[in-house]
Amino acid sequence: MSELVRFSVAIPDDLLMQFDNLVARRGLAKNRSEVIRDLIRDALVDEEWDDPVQEIVGTLSIVFNHHASDLQNKLDQIQHAHHKKIISTMHIHLDAHNCLEVIVLRGRSDEVRAIAESILGVKGVKHGHLTATTTGRYL
Ligand code: NI
């Protein structure tokens with residue numbers, strides 16, 4: 001278990017007010033120190049997954065209209081072509097027309113990003129976002 005170290009930070013008062021609002025939104029279980037630690041970890045993970053040989057586990061969420069011609073087919077083709085890196089897919093029928101797909105990928109950061117980009121680039125995908133965490137392994 002690491003030792004806790006105290007340090008002081010200079011911050012503009014309006015930014016501190018916004019930060020305190022964020023702390024409040026995160027609920028009673030979190031105080032300033034814990035939220036700062038969360039933000040630092042987020043920043044470090046973001047930096048790590050910039051490293052192309054870092055192994056990451058990514059979650060790609062996409063929304064699309066399944067009536068769009070050939071779209072579901074193209075998405076399936078991409079996913080089958082990368083079946084070793086796509087470890088799970090969840091498909092949710094949002095309404096009569098729209099689908100949400102949550103695709104979990106695991107592999108080298110640069111490869112996972114490239115697969116995500118190819119899925120996001122399929123015509124008809126309305127919205128999408130990749131988030132990732134690192135496993136600490138290098139591939
Ligand atoms: Ni659907």
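Each ligand, and each atom within it, is numbered from 1 in the order the structure gives.
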Problem set entry | Carboxylate-amine/guanidinium proximity below 4.0 Å for Arg41 and Asp38 | yes

For this session: Would you name the N/O/S atom of His91 that lies closest to the Ni ion (ligand 1)?
Result: NE2

For this session: Scan side-chain atoms only and decide if Arg37 and Ser33 contain a donor-acceptor pair under the 3.5 Å cut-off.
Result: no

Exercise. Would you say His66 has an N, O or S atom lying under 2.8 Å from the Ni ion (ligand 1)?
Worked result: no

For this session: Tell me which N, O or S atom of His93 sits nearest to the Ni ion (ligand 1).
Result: ND1

For this session: Compute the ring centroids of His129 and His127, then answer whether they are less than 6.0 Å apart.
Result: no

Problem set entry | Polar side chain donor-acceptor pair, Gln54 to Tyr138, under 3.5 angstrom | yes

